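Below: the structure, in structure tokens.
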There are 2 protein chains.
Amino acid sequence: MDSPTSHDVAKQAGVSVATVSRVLNDAPHVSPAVRRQVLRAIRKLNYQPNRTAQRLRAKQSKVLGLIISDIQNPFFTAVVRGIEDVAHQAGYSLVLCNSDEDPDKEKLYINVMRAEAVAGVILASASEAKPHASDLLAQNIPVVAIDRQIKSRRIDSVLAANEQGACDAVTHLINLGHTCIGYVGLPLTRTPGIERLKGYERALREHKLPVVRARIRIANAKQLGGHDSALDLLVQQPCITALFVANNLMTLGALNAIRERGLEIPRDISVVGFDDVPWATLLQPPLTTIAQPTYELGQKAAARLLERLKNPEQPVVHTHLGTTLIVRGSTSAPRGKENSA
Amino acid sequence: MDSPTSHDVAKQAGVSVATVSRVLNDAPHVSPAVRRQVLRAIRKLNYQPNRTAQRLRAKQSKVLGLIISDIQNPFFTAVVRGIEDVAHQAGYSLVLCNSDEDPDKEKLYINVMRAEAVAGVILASASEAKPHASDLLAQNIPVVAIDRQIKSRRIDSVLAANEQGACDAVTHLINLGHTCIGYVGLPLTRTPGIERLKGYERALREHKLPVVRARIRIANAKQLGGHDSALDLLVQQPCITALFVANNLMTLGALNAIRERGLEIPRDISVVGFDDVPWATLLQPPLTTIAQPTYELGQKAAARLLERLKNPEQPVVHTHLGTTLIVRGSTSAPRGKENSA
DNA sequence: AGCGCGATTGTAAACGATTTCAAACCCCTT
DNA sequence: AAGGGGTTTGAAATCGTTTACAATCGCGCT
């Protein structure tokens with residue numbers, strides 16, 4: 001039992017397919033009587049226009065592509081939800097891909113987008129440097145970068161204020177009296193890694209504290225990377241009284257590492273994470289973090305893409321959304337300085 | 001700059017479009033010389049076959065639809081990842097929709113799937129009762145139910161062993177010596193809600209304990225629902241020494257409620273959750289839960305759908321994946337019975 | 001040499017919608 | 001009554017593939 005086509009509807013209503021199409025698209029020049037007739041036939045057959053055919057003919061689809069690194073990361077989860085809500089509002093569907101930060105996989109998926117002839121793509125690129133995305137631009141498929149910048153003059157972006165957020169986190173620690181602050185960070189191949197490190201360094205410099213390379217660890221953005229880096233820092237740099245961890249999954253690992261070392265938070269060590277999570281309040285002590293407006297990030301990115309689809313020639317827009325320092329229980333003055341803050 | 005078409009390739013290679021198509025589809029009867037020629041042209045033009053046209057012609061697409069309630073639920077997050085990995089392995093893309101447990105939204109999205117002419121749909125239905133999914137079956141679009149059964153003789157399903165899991169959880173509590181066990185559960189409109197309650201009741205009956213309706217609360221599957229239900233139970237039913245919470249988000253809320261009441265886990269009250277989460281070990285005490293094989297659930301569902309696409313006539317298959325009781329620190333013998341277990 | 005038969009290639013018709021163009025029609029004016 | 005303007009309708013082309021069918025080619029066999 002195949003789907004009915006516009007021909008079936010036309011036959012049923014005793015008109016031509018052209019008329020059916022006109023009714024469907026609210027085109028003028030259809031008499032009320034015929035319109036009613038056609039609508040009746042549509043309802044009777046439970047007819048749905050075939051989007052594939054529409055797409056082929058119209059050369060534009062109501063589908064957006066979405067390439068992120070991993071849907072299992074709660075950050076992207078919220079972003080995706082924001083995108084989806086805006087997209088569906090506007091009648092667009094979403095094709096989802098996980099690149100796992102692998103540039104080859106990303107390239108593959110970009111080609112999928114091309115083949116699917118999506119209207120536009122929202123991309124959290126695995127790498128700033130190699131913009132496979134330009135393949136898309138070359139076919140007039142607009143791209144919006146999310147979470148990570150892409151080196152291209154023609155790509156809108158929607159990012160969190162990473163540097164400022166990181167700076168806020170570290171400033172908070174400095175204000176509490178910490179002077180030896182460790183940093184567990186992301187690879188420097190993508191915007192968040194680059195800018196959060198900058199923020200860490202800026203906060204130190206603004207308070208005349210030295211930036212000590214040995215107190216900085218870079219690892220992949222997973223729980224294990226956070227764990228190993230934190231453990232290593234705690235062992236190698238015993239002066240450290242506070243830790244800034246640049247990513248939510250890494251924070252999980254870092255907290256485990258701290259527990260393994262038998263240290264107590266915040267008495268022995270203060271911890272600030274980046275990106276809030278629903279369970280931050282359940283930890284003992286609850287976690288101090290820099291919250292990103294994740295859902296809004298997604299909304300804004302989708303809105304930006306839809307804007308650009310409507311008006312392709314407008315100038316490129318870069319949006320930065322502010323972060324919020326949420327002080328909970330995992331930060332306090334370092335031991336012996338309880339009154340200095 | 002439009003995408004090159006098979007005509008462009010044909011012209012470039014000095015052959016007909018039919019030959020290009022044959023090369024593309026590894027069809028027989030193409031001389032090696034011509035094949036090389038065509039491949040060269042394809043590479044030169046960076047040609048990608050237009051899937052829209054392929055789809056229209058072939059009347060089958062390499063796209064799967066996925067309708068879940070909410071991607072922000074960590075359970076679905078893992079499920080989606082499992083689906084996506086299997087789907088992309090087989091060359092399929094994924095169209096994602098969030099129904100928010102709203103049957104109307106679900107119906108809308110099912111129509112989107114129909115219009116998109118997806119090859120098949122994986123559906124976590126908002127309701128067992130109203131199978132909008134039959135609209136899809138009527139058009140020969142196969143459906144696989146995930147997490148929740150659908151009342152239809154023709155729909156494969158992939159579910160967790162909800163009843164057994166719940167029974168294991170409650171049995172664990174009973175074995176520790178608890179006799180007054182509260183249940184914070186999901187609505188009875190969907191499989192997990194129905195079966196987990198069954199499991200709770202079965203465990204009690206198997207141990208000759210009464211099933212007391214007043215110790216059971218049903219609420220929506222969000223954090224707030226869990227919080228309010230748990231709080232209510234703690235106040236109304238002071239005999240309760242253990243709580244079984246049927247969903248991960250509700251568990252979050254329940255833990256908060258317990259903290260608000262100033263109770264200590266597990267001394268004053270034991271807690272078992274359903275569905276493991278990465279941060280379960282970070283809680284103080286770490287959370288005892290029933291772990292579902294979420295990622296495998298997704299994998300199996302996708303595999304099932306691909307199987308059915310390959311062979312539409314095979315009999316319907318219902319897959320149940322086992323759960324695992326993970327005992328951590330949030331459960332112990334009730335006060336005053338420390339040695340009875 | 002002529003015939004026949006694969007193997008190879010091309011031509012043209014689908015797929016289901018939109019859209020251009022022209023035909024048909026209505027009603028009004030002169 | 002004929003012509004003209006505007007509205008309504010339909011026929012046919014189009015989008016980029018796949019595929020049934022026809023045409024061509026080359027080669028071996030008699």
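Each chain gets a letter, A, B and so on, in the order the sequences are listed, and its residues count up from 1. Everything quoted here is computed from the prediction, not taken from an experiment.
- Considering only side-chain N and O atoms, B:Ser6 lies under 4.0 angstrom from the phosphate OP1 or OP2 of D:dT17.
- The distance from atom CG of A:Asp8 to atom P of C:dC15 is 11 Å, rounded to the nearest whole Å.
- In this structure, the CG atom of A:Leu24 is 12 Å from the P atom of C:dT19, given to the nearest Å.
- Applying the side-chain hydrogen bond (donor to acceptor under 3.5 Å, both in side chains) rule to A:Gln299 yields no partners; only residues at least two apart in sequence or on another chain are considered.
- B:Tyr109 meets the ring-ring contact (aromatic ring centres under 6.0 Å, His included) test with A:His88; sequence neighbours excluded.
- Side-chain atoms of A:Arg22 never come within 3.5 Å of backbone atoms of A:Arg35 as a donor-acceptor pair (strictly under, hydrogens ignored).
- The CD atom of A:Gln139 sits 14 Å away from the C1' atom of D:dG16 (whole-angstrom rounding).
- When rounded to the nearest whole Å, the span between CD of A:Gln37 and P of D:dT8 equals 17 Å.
- Taking each heavy atom of B:Val63 and B:Val95 in turn, the nearest pair found is CG1-CG2, 3.5 Å.
- Contacts between residues 49-56 of chain B and DNA chain C, defined by a heavy-atom separation below 4.0 Å, involve B:Leu56, listed by number.
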| field | B/S/- contact track for nucleotides 22-27 of chain C, protein heavy atom under 4.0 Å | value | ------
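- Contact annotation: A:Lys59 side-chain N/O to D:dT14 OP1/OP2 distance is not under 4.0 Å.
- The closest side-chain donor-acceptor pair between A:Arg40 and A:Gln37 falls under 3.5 angstrom.
- In the interface, the side chain of B:Arg57 is not paired with the base of D:dT17 through any donor and acceptor atom under 3.5 Å apart.
- At a threshold of 4.0 Å, the pair B:Asp8-B:Lys44 does not count as salt-bridged, since none of the basic side-chain nitrogens sits closer than that to a carboxylate oxygen.
- Under a 4.0 Å N-O distance rule, the pair A:Glu101/A:Arg148 qualifies as a salt bridge.
- The distance from atom NE2 of A:His7 to atom P of C:dT18 is 12 Å, rounded to the nearest whole Å.
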I'd like a table of atom pairs between the protein and nucleotides 9-12 of chain C - only N or O on both sides, under 3.5 Å - with the distance next to each one.
from	atom 1	to	atom 2	distance (Å)
C:dT9	OP1	B:Ser31	OG	3.0
C:dT9	OP2	B:Ser31	N	2.8
C:dT9	OP2	B:Ser31	OG	3.4
C:dG10	OP2	B:Ser16	N	2.8
C:dG10	OP2	B:Ser16	OG	3.1
C:dG10	OP2	B:Thr19	OG1	2.7
C:dG10	N7	B:Arg22	NH2	2.8
C:dG10	O6	B:Arg22	NH1	3.4

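- Here the side chain of A:Arg190 pairs a donor or acceptor atom with the backbone of A:Ala126 at under 3.5 angstrom.
- By the side chain to side chain contact (heavy atoms under 4.5 Å, CB included) test, B:Thr52 is found to be paired with A:Thr52, A:Arg55, A:Leu56, A:Ala117, B:Asn50, residues two or more places apart in sequence or in another chain being considered.
- For the residue pair B:Ser125/B:Glu106, the side-chain donor-acceptor check at 3.5 Å is satisfied.
- The closest donor-acceptor contact from the side chain of A:Asp156 to the backbone of A:His318 lies at 3.5 Å or more, if one exists at all.
- Distance CZ (A:Arg114) to P (D:dT17): 12 Å, rounded to an integer number of Å.
- As judged by a 4.0 angstrom heavy-atom cut-off over every strand, A:Ser21 is placed among the base-contacting residues.
- The distance from atom CD of B:Gln48 to atom P of D:dG16 is 15 Å, rounded to the nearest whole Å.
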